[in-house]
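Counting starts at 1 for both ligands and their atoms, in listed order.
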Amino acid sequence: MATIGIFDSGVGGLSVLRQMRTLLPRERYVYYADSANCPYGDRSRDFILSRSEYITDFLIGKGSSVVVVACNTATGAAISELRARYDIPFIGMEPAVKPAALGTGTGVIGVLATSGTLKASKYLDTRDRWSEGVKIEETTGAGFVELVESLILDGPQAEDVVGRSLNPLLDAGADRIVLGCTHYPFLLPIMKKIADKRGREVRFVDPAPAIARHLRDVLLDNNLGLEDAHPGVELFSSGDDTILKKLYSQC
Ligand code: DGL
């Protein structure tokens with residue numbers, strides 16, 4: 001039986017969990033939101049690494065045989081060390097620069113992510129690999145995580161905050177926008193609304209479905225689960241879990 005541990009700085013990883021449950025509904029999932037320490041975006045690498053180790057120990061204690069780091073920022077800061085330290089598979093997030101670069105018609109793609117992710121060598125390597133002939137415009141989604149953590153996913157405040165980061169990417173001509181933070185897919189309806197209002201045909205690229213397929217492959221390759229698990233989801237938080245439960249019920 002596979003128990004899949006999954007964590008994020010907060011509720012954002014639920015956008016990955018819902019894709020995993022769609023593809024693999026019969027597994028058991030244990031989700032940990034580090035809500036007491038959210039956001040991770042501007043925190044030091046050492047801090048994120050030590051939280052990631054603490055949470056991994058917790059998830060293993062709950063029976064996890066594989067851990068999904070459903071946080072781009074923690075993936076960039078900690079995944080190499082986690083893989084070196086623990087003897088279980090880890091699946092990390094990868095901003096979907098490749099499909100965006102291959103699919104663009106205007107030759108301009110936008111990347112929305114936290115400042116931590118945009119500085120991480122993992123992201124910089126991916127960007128360099130796919131930047132030939134493509135202009136890559138990057139920006140942090142300032143205030144996006146706070147909106148999602150407060151469950152403000154629509155309305156004038158959300159439109160204003162999201163527009164401030166999204167509009168410069170649209171102004172630059174981006175027709176593919178990479179969602180490089182797991183909180184951002186929850187703001188997709190408002191992003192589409194802003195692009196529609198401007199009459200722009202934009203595709204937003206979320207890596208979560210590809211992460212779910214990767215998880216399936218890892219489970220198969222390691223002979224873990226897929227058949228006889230006791231399906232279900234357990235939610236844990238280092239802080240207040242009200243929003244976590246509410247957002248999960250909408251997923
Ligand atoms: N959801 C996370 C990510 O993918 C972290 C956002 C944050 O805590 O700043 O980057």
Problem set entry | Audit row: Leu169, Glu138, side chain to side chain contact (heavy atoms under 4.5 Å, CB included) steps and yes/no | CA-CA 8 Å; Leu169 300 179; Glu138 296 158 352; over 6 Å; no
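- Judged by distance alone, the side chain of Arg176 and the main-chain N or O of Gly103 form a donor-acceptor pair under 3.5 Å.
- Within ligand 1, the atoms closer than 4.0 Å to a non-hydrogen atom of Gly41 are 7 (C), 8 (O), 9 (O), numbered from 1 in the order shown.
- Counting heavy atoms from C-beta on, the side chains of Pro39 and Glu146 come closer than 4.5 Å.
- Proximity of Cys71 to ligand 1 is established by a heavy-atom distance of less than 4.0 Å.
- For ligand 1, the atoms sitting less than 4.0 Å from at least one non-hydrogen atom of Thr114 are 6 (C), 9 (O), 10 (O), numbered in the order shown with element in parentheses.
- Contact check for Arg127 versus Val111: no side-chain heavy atoms found under the 4.5 Å cut-off.
- Side-chain contact between Cys181 and Val145 is present, with heavy atoms from C-beta onward closer than 4.5 Å.
- The distance from ligand 1 to the heavy atoms of Ser9 drops below 4.0 Å at these ligand atoms: 5 (C), 6 (C), 7 (C), 8 (O).
- Using a 4.0 Å cut-off between heavy atoms, Val145 contacts ligand 1 through its side chain alone, with no backbone atom that close.
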For this session: Could you give me the CA-CA distance, side-chain angles and deciding distance for Ser165 and Thr139, then say whether side-chain hydrogen bond (donor to acceptor under 3.5 Å, both in side chains) is met?
Result: CA-CA 7 Å; Ser165 293; Thr139 187; 4.5 Å; no
For this session: Might you work through the side chain to side chain contact (heavy atoms under 4.5 Å, CB included) test for Asp8 and Tyr40, ending with a clear yes or no?
Result: CA-CA 9 Å; Asp8 177 45; Tyr40 278 180; 5.9 Å; no
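- Annotation for ligand 1: atoms under 4.0 Å from non-hydrogen atoms of Asp8 are 1 (N), 2 (C), 5 (C).
- Under the 4.0 angstrom criterion for non-hydrogen atoms, Cys181 is in contact with ligand 1.
- Closest to atom 4 (O) of ligand 1 by heavy atom, among Leu179, Val148, Thr73, Asn72, is Asn72.
- Of the protein's non-hydrogen atoms, Tyr40 N, 3.3 Å is the one closest to atom 7 (C) of ligand 1.
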